[in-house]
Every structure is written in structure tokens, then in C-alpha cells.
S.K.: 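Sharing a structure with you now.
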Number of protein chains: 2
Amino acid sequence: MTASAEDVAADAGVSPSTVSRCFASPGQVRPETRERVLAAAARLGYTPSRVARSLAVGRTRTLGLIVPDIANPGFAVVAKAMQARARRKDYAVFLADTDEHPDDEYELALTLARQVDGLLLVAPRMDTERLGEVVRRVPGVVVNRRVPGVSSVAAPTDDGLRQAVAHLHALGHRHLALVLGARHSWSSERRGHAVREICEQLELKLTEFGPHEPKFHTGAQMADLVLASGAGAVVAHNDLMALGVLSRLSERGVRVPDDISLVGVDDILLAATSTPALTSVRLPLDALGERAVDLLLRRLDDGAEECQELTLDSELIVRRSTGPAPRPSTGPVS
Amino acid sequence: MTASAEDVAADAGVSPSTVSRCFASPGQVRPETRERVLAAAARLGYTPSRVARSLAVGRTRTLGLIVPDIANPGFAVVAKAMQARARRKDYAVFLADTDEHPDDEYELALTLARQVDGLLLVAPRMDTERLGEVVRRVPGVVVNRRVPGVSSVAAPTDDGLRQAVAHLHALGHRHLALVLGARHSWSSERRGHAVREICEQLELKLTEFGPHEPKFHTGAQMADLVLASGAGAVVAHNDLMALGVLSRLSERGVRVPDDISLVGVDDILLAATSTPALTSVRLPLDALGERAVDLLLRRLDDGAEECQELTLDSELIVRRSTGPAPRPSTGPVS
DNA sequence: TTGAAAGCGGTACCAA
DNA sequence: TTGGTACCGCTTTCAA
């Protein structure tokens, strides 16, 4: 069917070894010979088989990517950046979407581990132990999460959330609602912790909702609870949830930001452009993806051993969805 | 490093062939032997190497997926569905995002062709000739596009667009704007054709804009041109562009649907939930992905030969973004 | 600089 | 039912 190195060798009057060298290390073959081989290869439409090469060299030049939900615009952007970066370095990327099922995450990771050189893990919910198990089998870097002993690149939103809460405080809000992401999700817990801490410092009342899958519909669902709580501002786990909240609030005739303020995290495109535009904590999503790939490939290609932890900054982007608190209410009138 | 079939064989006191059989066709090995082998395998943590198997059997159990832009929610949903379906059938999926560059599409497809069993092509812009070249090398199915001799699954939006234009007509609109997608994109041309035809039938004036990359910012860019044209309603190539239009219109203080009506295509989640909610032509995006995989695997696994063309329906979902034409204007007063 | 040959880790046909 | 063996297509010493 497809031409093999042997065919090319025969056609060019050389040995298969030489054909192999022409593609793997062209410098080691006399220019004239090389040209003859390359010509024959072109004539026969030959390209070295990646599987065969993989088997021979023991490396696949393939990366595995595990994401909770590729339909979440935030993850999509990260995935896109990773995939582009990987291809530039001649790596292919296996995509595995776990649809927010942490159990699948583990199984999938183990399966993938067998057929890739390295793993890109956007797996906020896999438990640390299993995650450790996975990266013991295959080099891996974890995204937006920190695991001892494992390379990672994260944009902890502490800074951005601090700015967000300070922003709301400055606007006169004294009672915030926090809409959490998924249970046992590293990022959700981290964000929750950050918000709690800051609220305490600023002596703000904080009511928490969730945890829930970080999706649009769960956000919408939370909106009614938030409203019932009387909080004047909402900080949501991410933009998707924030948009869900927004959607439901507007259904109920609640005006944002006049009646209630709203902050998201991720700064996805559609947050910037919703009505009203969403105040959001911006993460450098594509940088996140690129750095993760770089980190992984440094291990794979340059044989670097050390486990690195990269940190990227976050910042608050203020837009229309946050405004002054309705009443200066420094306390209940009672 | 990792245990091989030979190791297991030694441990279990059988030949490598038997080990292989235990995993490939367990039925052909005596239960007692099998259990002994499986126990040994478990003890050694053995799993058959997929690369080695691929080389031996000549199939990789891998599908290649080419999308123009995974960050476009529409494509993300399709990709998600495909990937889930493929995994269920024990296929892995290579993701290749071409970032809307049709040239890369071709190169990528050829590269992928060498290392996968089949190709899922969401490539609206690759020219027919090259596409034919690709599918001659490896089984492929094309999504949302029709190419003679190539299996495909598409949801032509003719029906939905017909409904959309009739809807606008009924609302009193007599001058429509059409915002096209990418140049040479099959779906953009098809949609343009459909809208043109219907407008002619209903004797509506139609002004066209584009073609442009089907992204948010190009939509925003078109909004001003549309406004200048005096059209009372806009049909956009897809929701992402429609949301771009919407965003820019609202920036300019133009009210939707009071001043201008707006229709998108895809019915992505965020269309349903924008403000105002977007009237959109719904495509069964996940069905699109699933059927594509089914079609491809029927060829690969069941050896089906025929080229099939599947068609899925589209329908108009009416939401807030379309309303009565501002003035009944049955014609210019002049 | 080039060739011969031994794998890489399985599969599958043929015999036993 | 099991084992022996010849590949699958390329890489990589080792010699020439």
C-alpha cells in the first residue's frame, strides 16, 4: 500500500539504513546520496511511518491532553494554545474530554499514559493520590492546580479576587455571595479560600453557594438562592457560571448592576461582550497552555528533571456588571 | 521499564503468543491458562503496547480530527461529541486546530493521514480537490459540507434559514442584511445561497457583507456597515458573528430588536442566553459529531465501502432578538 | 559514508 | 489449546 523505507532504498540503490538516516539525521549522509534518496522518496510518496519509528525509538511524539469540558470556552482556549504549541514542536495531541467526571479522568489518564510521551492535565478534581500515580508512570504537567512534586503552571486567582472584593467593598457592598465551582476542585477551593480570607479582612459578610459543576445551568440555578440570601454582589467561580447567574437574574427582572453586582473569573470572550459586560478576573489562558507545553517538552526533549512550578498573574477587569451597592446599608436597620 | 508480553509469558510459564491471545481473543485460550496469564499480567502491571500492536496489525485505533477553531463554541460541541463517541468505541482522537488557516488544513490532514485510521474533517474551506486527495489516502468523513464521492454528515441550514427569512418577512421586514462567513467556506456559500433564494421569492431586498472569518470581532466590525446600509434585520453566518454584531450595535446605542432584528445560526448556549436572547437556526451539533464518528467507524470496523451522505435537520428558534420592523415601510416614500 | 543485522513489542499463521 | 516463527517499518550500533 504505502511505500516503505525498503522500497525507497531499492529505488535509490542504497540500503534502508541510509534512507532512515536521510530523514532522521540528514547531516550524516553524503549530499549526492541524500538527494538521490529524497528524489526516490518523493517519487514514491514516501514518509517515514510514525508508528514504526515510535516502536523503534520508544517515543511517540504524542502528548495527551485531559480536560474536564472542551465546551467550556475557558478550557477550549487553553486547549487551543496547547495544541498549537505542541504542533510547532512536532508533537501531536490526543484530546480526552472527561465531561466533568473525575472517575473517568483517572482511567483515561492511565490509558493515555501508555500511548503518549507526556500528559497535560487540566484535571482540577482528580484526587492528589491518583494524580501522583499517573505522573509516576508518565511525565506530566498539571494546569491550574498545584500538586507537591508535580510540575505545574497555574494562575492562582488570589490577586485578581483580592482586587475584585476590594472593588466591591469600595462600591459599598457589605454582603457578598460566593458561587463555588466543583466539589474537590483545586481551583474552586483555592478561589473560595481567597475570597473568604479577603472578606474576613475587610469585614464583609459572605454567603457561599455550591459546590456545583462549573457550568452555565448551575450558575442559573444559583441565582435564585443568591437573591434569597440578600447579598448585594456575587463572585462566581468562573464566567460560565456568572453568565448563568446573569441570565437567570435578568429572567427574574433583577437588574445588574443596579440591583446586584456580579463578578466572574476567566475573562472569556463572551464575558466581555455579554449585556451587561461582565467584570471578570482575567487569566492568561493561552499563556497557561503554552507554558504547560513548554514545561513538558523541556522534560521530554531536553531531559530536564526538576519539577517546576510556574505562576501566572491574574488581574481584575472592571466592566459594567459591577456597580454601587443599592443602599449604603452599613448594617441592618432591624 | 514497562513489562512486555515476554515478561508476562515467562512469569506465567507460557509463550508470548498465548499472552497476546489472552488480550486479543480471550476465547481462544483455556480458562485456567488465561487466569494464570492475567494474574501474571496484573502482578507485573502489564498492558499491551498500542504502538507495537498498531505496527503489527496496521491499524492505530486512532482518529484524526481537524477543526478550524476549537475556541468557537459550535465546533467545540461537535468535537466534544466526536471524542466521546470515539472513545466509547475504543478509539483515541488526535486534535488538530487550524486556527482558520485553510493552507494548514491541507498539510495537517496529510500529516495526520499517516498516523490515523480515519479522519474527521470539519474543514469548510479546504478546496474540493485537496480534500479529495486527502480522503484518497485515508478514510474520511466530512462534516457540514458536501463533497462528491466523500462520506459526509451535514445539517444544511436551508430549512432553518427559510424559516428565519419568512419569520422576518412576517414581522414586516423588507430589507435584510446578510453577514457572510469565511470566503470559500462551504457552509457560508450554502447559507448565502439559501438566503438569497428565499429573499428573491419573497421579494425582499438583500444586502450582503463579507466574506470574513466567522469570528466575534468580524461580526462586530460588520455591525457598522449593516447599520449604514439601512437594513432592518440581519442574518449572520453564525451565532459568534451575530453576537459580535449585537455587541457592537449595543455599543452604538442601537436597540435589538426595536431598531434592528438579528438572527444567528448554530444555537450555541451563549446565544440562547445573551441579552437579548438570540433568535437562531438550531443545528443538532452533537448529533453531527456522533453521526460523523459512526459513519467513519462503520467503514473502519465493519468494512462498509459505500460513501454515505447524512442530512440532519435545522430549525428556527425564535427569541427576543427579532421583532417587528420599525416602520411598516412597504416601500420608500421617495 | 554506507551496509548488515539485531531489535522495539506485539500479531497471526502454521504445526504440533 | 498452545508454541514457534516470520513479519510490521524504522532506528541504531558495529563493521566495513
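Note that this is a predicted model, so its numbers are computed, not measured.
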S.K.: If you walk 5' to 3' along DNA chain D, what is the first nucleotide with an atom under 4.0 Å of a heavy atom in chain A, and what is the last?
M.R.: D:dG9 to D:dT13
S.K.: Check every strand shown and say whether A:S4 touches a base, only sugar-phosphate, or nothing at a heavy-atom separation below 4.0 Å.
M.R.: sugar-phosphate
S.K.: Residues from residues 53-63 of chain B sitting under 4.0 Å of DNA chain D, heavy atoms only?
M.R.: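 Under 4.0 Å from DNA chain D: B:L55, B:A56.
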S.K.: Carefully, step by step, assess A:R146 and A:T311 under the rule side-chain hydrogen bond (donor to acceptor under 3.5 Å, both in side chains).
M.R.: CA-CA 10 Å; A:R146 218 111 256 186; A:T311 301; 3.1 Å; yes
S.K.: Any salt bridge between B:D301 and B:K89, counting N to O under 4.0 Å?
M.R.: no
S.K.: Does any non-hydrogen side-chain atom of A:S151 lie less than 4.5 Å from one of A:R299?
M.R.: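 Counting from C-beta outward, A:R299 and A:S151 do come under 4.5 Å.
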S.K.: With sugar-phosphate meaning primed atoms plus P, OP1 and OP2, does A:S49 contact a base, only sugar-phosphate, or nothing at under 4.0 Å between heavy atoms?
M.R.: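 Answer is sugar-phosphate: A:S49 comes under 4.0 Å of backbone atoms only.
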S.K.: Please identify each residue that fulfils side chain to side chain contact (heavy atoms under 4.5 Å, CB included) with B:E107, with sequence neighbours left out.
M.R.: none
S.K.: Decide, yes or no, whether a salt bridge links A:E32 with A:R36 under the criterion of side-chain N to carboxylate O below 4.0 Å.
M.R.: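 A:R36 and A:E32: not salt-bridged.
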S.K.: Can you name the residues that form a salt bridge (Lys or Arg N to Asp or Glu O under 4.0 Å) with A:E213, not counting sequence neighbours?
M.R.: A:K215
S.K.: Just checking A:Y46: base, sugar-phosphate only, or nothing, at a heavy-atom cut-off of under 4.0 Å?
M.R.: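 The answer is sugar-phosphate, as A:Y46 gets under 4.0 Å only of primed atoms, P, OP1 or OP2.
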S.K.: Write out a two-atom table: protein N or O, nucleotide N or O from nucleotides 2-6 of chain C, distance below 3.5 Å.
M.R.:
residue : atom : partner : partner atom : Å
C:dT2   : OP1  : A:R30   : NH2          : 3.4
C:dT2   : OP1  : A:T33   : OG1          : 2.2
C:dT2   : OP2  : A:R30   : N            : 2.8
C:dG3   : OP2  : A:S15   : N            : 2.9
C:dG3   : OP2  : A:S15   : OG           : 3.2
C:dG3   : OP2  : A:T18   : OG1          : 2.6
C:dG3   : N7   : A:R21   : NH2          : 3.2
C:dG3   : O6   : A:R21   : NH2          : 2.5
C:dA4   : N7   : A:S17   : OG           : 3.2
C:dA4   : N6   : A:S17   : OG           : 3.1
C:dA5   : N6   : A:S17   : OG           : 3.4

S.K.: As a quick check of understanding, evaluate side chain to side chain contact (heavy atoms under 4.5 Å, CB included) for A:V19 and A:Y46, giving each step before the final call.
M.R.: CA-CA 10 Å; A:V19 175; A:Y46 166 82; 4.2 Å; yes
S.K.: Could you give all pairs that pass the side-chain hydrogen bond (donor to acceptor under 3.5 Å, both in side chains) test and reach residues 65-81 of chain A, with sequence neighbours left out?
M.R.: A:D69-B:K80, A:K80-B:D69, A:K80-B:D97, A:K80-B:D99
S.K.: Counting the atoms with a prime plus P, OP1 and OP2 as sugar-phosphate, which does A:S25 contact under 4.0 Å by heavy atoms, base, sugar-phosphate, or nothing?
M.R.: nothing
S.K.: In the structure I gave you, are the side-chain heavy atoms of B:R61 and B:R53 within less than 4.5 Å of one another anywhere?
M.R.: no
S.K.: State whether A:E133 and A:R136 are salt-bridged, where the test is any N-O pair (Lys NZ or Arg NE/NH1/NH2 against Asp/Glu carboxylate O) under 4.0 Å.
M.R.: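 Yes.
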